[in-house]
2 protein chains.
Amino acid sequence: MRDQLHPEEIEPDGDDFLPGLAIDAVIFGFHQNQLKILLLEYRNTGLMALPGGFILTNENLNDAARRVLSERTGLSDIYLEQFYVFGDLNRFDPAPMRAIMAAKGFMPPNNHWLLRRFVSVGYYALVDFTKAVPIPDSLSDSCAWYDLANLPLLMQDHQFIVQKALDTLRTDLDRKLIGFNLLAETFTMADLQSLYETILDQKLHRSGFQRKMLSLGILERLDKHYSGGAHKAPFLYRFIK
Amino acid sequence: MRDQLHPEEIEPDGDDFLPGLAIDAVIFGFHQNQLKILLLEYRNTGLMALPGGFILTNENLNDAARRVLSERTGLSDIYLEQFYVFGDLNRFDPAPMRAIMAAKGFMPPNNHWLLRRFVSVGYYALVDFTKAVPIPDSLSDSCAWYDLANLPLLMQDHQFIVQKALDTLRTDLDRKLIGFNLLAETFTMADLQSLYETILDQKLHRSGFQRKMLSLGILERLDKHYSGGAHKAPFLYRFIK
DNA sequence: TTATTATTGTACCAATTTGTTACAATAATA
DNA sequence: TATTATTGTAACAAATTGGTACAATAATAA
């Protein structure tokens with residue numbers, strides 16, 4: 001959304017971008033049985049926000065989202081999905097953006113394009129936590145993972161956007177088969193079940209879960225896995241298309 | 001989308017609207033066991049298009065969609081849902097819009113705001129066919145129902161938009177309970193089953209369908225219905241929230 | 001080396017849901 | 001009054017899901 005600007009973006013016109021339109025990205029990761037999302041923290045303001053960006057005038061909307069994702073995570077080929085367009089008037093509040101620009105030493109005029117109303121397209125993304133390398137944008141001093149269960153206060157309506165993304169992820173989890181995008185290349189059945197339990201926030205029965213997953217025909221069983229656990233070694237699986 | 005303009009909208013600036021952003025509406029109805037959608041036909045051009053519109057600068061996005069819906073159908077309180085944002089560059093083709101404006105006797109300059117790139121938010125709506133009164137906009141000479149199974153050639157990417165709306169309707173049909181919005185206030189179980197069969201494009205088993213629908217607890221059974229049919233009179237049902 | 005321990009893989013049965021057939025009840029028509 | 005097509009529901013089979021049980025196993029502890 002109105003948060004990620006490269007130095008060259010703080011211009012009086014913003015002519016390189018589609019006016020009034022932005023992208024907000026809820027980037028999910030999974031680590032130590034916790035769902036996490038990427039958040040930016042803005043220099044000298046204490047404001048925390050979702051990664052986002054604008055759409056170049058010669059760029060497809062979905063490509064702009066992919067660009068934002070890749071700029072914040074270093075990854076390409078990310079699982080990415082539109083989930084909602086946030087277009088209410090009451091999300092228009094120039095104060096946070098003005099604070100961010102002021103912290104950057106820029107005092108914009110009141111009609112600066114970044115201070116006007118924005119409609120924002122919400123995307124959610126699923127990434128392999130172990131592969132993503134969070135990269136702050138030019139205005140933020142950190143880009144890092146935060147536990148979804150314990151988020152800090154977010155700027156504007158970003159808390160609402162996160163909730164809507166999570167709702168969509170929950171309903172998409174079974175219909176589309178997307179959970180795998182949050183895991184590493186190979187994983188155990190227990191990993192997968194823990195992921196599902198965390199996303200859906202409910203316990204699942206081990207036996208039934210395994211039966212259901214295997215019946216989908218999207219898992220390839222690999223060799224046994226003998227890590228530190230003092231127990232029977234589980235199989236490893238890989239997702240197959 | 002870039003199709004509905006009142007006379008006052010054909011101005012050099014379009015300052016009353018958010019720039020570059022539009023709404024396309026796929027308005028579904030159901031009549032004589034056929035799914036139908038509303039289409040506009042533009043004067044003197046033969047172009048057919050989805051109803052659409054723009055967002056006023058002081059208007060919520062969803063309210064703009066409701067306004068478009070009410071302007072084309074005369075109905076308020078319509079079931080309405082966002083389903084996708086169409087933001088590819090290749091949907092930008094000024095020719096059809098120029099033809100529509102020319103047919104209206106207006107020769108716009110090449111940089112006219114209506115001839116530039118638009119990102120369009122797709123909404124689908126479900127209305128009671130018997131209550132909706134299709135109303136053309138100021139540039140079209142007809143607004144009418146067309147069989148989804150037998151659509152004419154549509155402008156730009158509108159065929160694609162319709163397909164995506166239908167896909168969404170199909171997956172939403174069971175998750176949310178929205179089919180009733182396409183029926184009249186009261187209906188028979190056969191009506192409801194026919195609706196489901198038409199939307200999903202597959203035969204369903206009468207007994208199982210009835211059992212499932214009744215088990216949802218969202219139907220109120222009314223009196224018997226004795227219409228023309230030379231058969232046992234079916235019950236009427238009403239949808240309850 | 002051998003018991004201990006926690007977990008894994010899978011078999012098994014119960015409970016529930018879904019798929020299918022059957023048939024009596026019924027409302028108009030012949 | 002018989003005929004006809006449809007409706008409402010019962011009945012049962014098949015499939016799916018929920019839950020338990022238990023042998024197999026990999027490390028650790030004795």
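Treat the numbers as computed from the prediction; the structure is a model and nothing was measured.
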Any donor-acceptor N or O pair under 3.5 Å, side chains B/Gln193, B/Glu197: yes
Could you label the plane-to-plane angle of the A/Phe209 and A/Tyr196 rings as parallel, tilted or perpendicular, counting under 30° as parallel and over 60° as perpendicular? perpendicular
For A/Leu214 and D/dT17, give me the distance from atom CG to atom P, rounded to whole Å. 14 Å
Dot-bracket assigned to DNA chain C with the 3.5 Å Watson-Crick/G-U criterion, [ ] for crossing and | for other-strand pairs, is ||||||||||||||||||||||||||||||
In whole angstroms, how far is the P atom of C/dA25 from the CZ atom of B/Phe235? 14 Å
Determine, for A/Arg43 against A/Asp141, whether the closest basic-nitrogen to carboxylate-oxygen distance falls under 4.0 angstrom. no
From D/dG8, C/dG9, C/dA27, nucleotide with atom closest to B/Arg221 side chain: D/dG8
With distance as the sole criterion, is a donor-acceptor pair present between the side chains of B/Asp147 and B/Asn150 under 3.5 Å? no
Name all residues meeting the side-chain contact (heavy atoms from CB on, under 4.5 Å) criterion together with B/Thr188; count only those two or more places apart in sequence or in a different chain, and write none if there are none. B/Ala190, B/Asp191, B/His225, B/Pro234, B/Leu236
Distance (rounded to the nearest 0.5 Å) between B/Asp24 CG and B/Phe83 CZ: 8.0 Å
Not counting sequence neighbours, which residues clear ring-ring contact (aromatic ring centres under 6.0 Å, His included) with B/Phe235? List them please. none
Salt bridge present between A/Asp167 and A/Lys164 (N-O < 4.0 angstrom): no
Please state how far atom CG in B/Leu216 lies from atom C1' in C/dT17, giving the value in whole angstrom units. 13 Å
Please list each protein N or O that sits under 3.5 Å from an N or O in nucleotides 2-6 of chain C, with the distance.
{"residue": "C/dA6", "atom": "O4'", "partner": "A/His231", "partner atom": "ND1", "Å": "3.4"}

Check whether the side chain of A/Arg206 and the base of D/dG18 form a donor-acceptor pair under 3.5 Å. no
Using a cut-off of 4.0 Å on non-hydrogen atoms, how would the nucleic acid contact of B/Gly208 be classed: base, sugar-phosphate, or nothing? base
Whole-Å gap separating P (C/dG19) and NZ (B/Lys212): 7 Å
Approximate separation, where rounding is to 0.5 Å, of B/Cys143 SG and B/Leu39 CG: 8.0 Å
Under 4.0 Å protein heavy-atom contact, by nucleotide of nucleotides 11-16 of chain D - B base, S sugar-phosphate only: B-----
Fit a plane to each ring of B/Phe118 and B/Phe54, take the angle between them on a 0 to 90° scale, and name the class: parallel (under 30°), tilted (30 to 60°) or perpendicular (over 60°). tilted
Tell me yes or no: between the side chains of B/Asn33 and B/Thr198, is some donor less than 3.5 Å from an acceptor? no
Would you call A/Asp172 and A/Arg175 a salt bridge, using N to O less than 4.0 angstrom? yes
Please report the distance, rounded to the nearest Å, between CG in B/Asp223 and P in D/dT7. 17 Å
If you apply the rule side chain to side chain contact (heavy atoms under 4.5 Å, CB included), what do you find for B/Asn62 with B/Leu80, and how did you get there? CA-CA 9 Å; B/Asn62 289 338; B/Leu80 185 61; 5.9 Å; no
Near DNA chain C, counting only heavy atoms under 4.0 Å, which residues of residues 182-202 of chain B show up? none
Give a yes/no answer on whether the side chain of A/His205 brings an N or O atom under 4.0 Å of OP1 or OP2 in D/dG19. yes
Measure the acute angle between the ring planes of A/Phe180 and A/Phe239, then classify it against the limits of 30° and 60° as parallel, tilted or perpendicular. parallel
Does C/dT8 have OP1 or OP2 sitting under 4.0 Å from an N or O in the side chain of A/Gln210? no
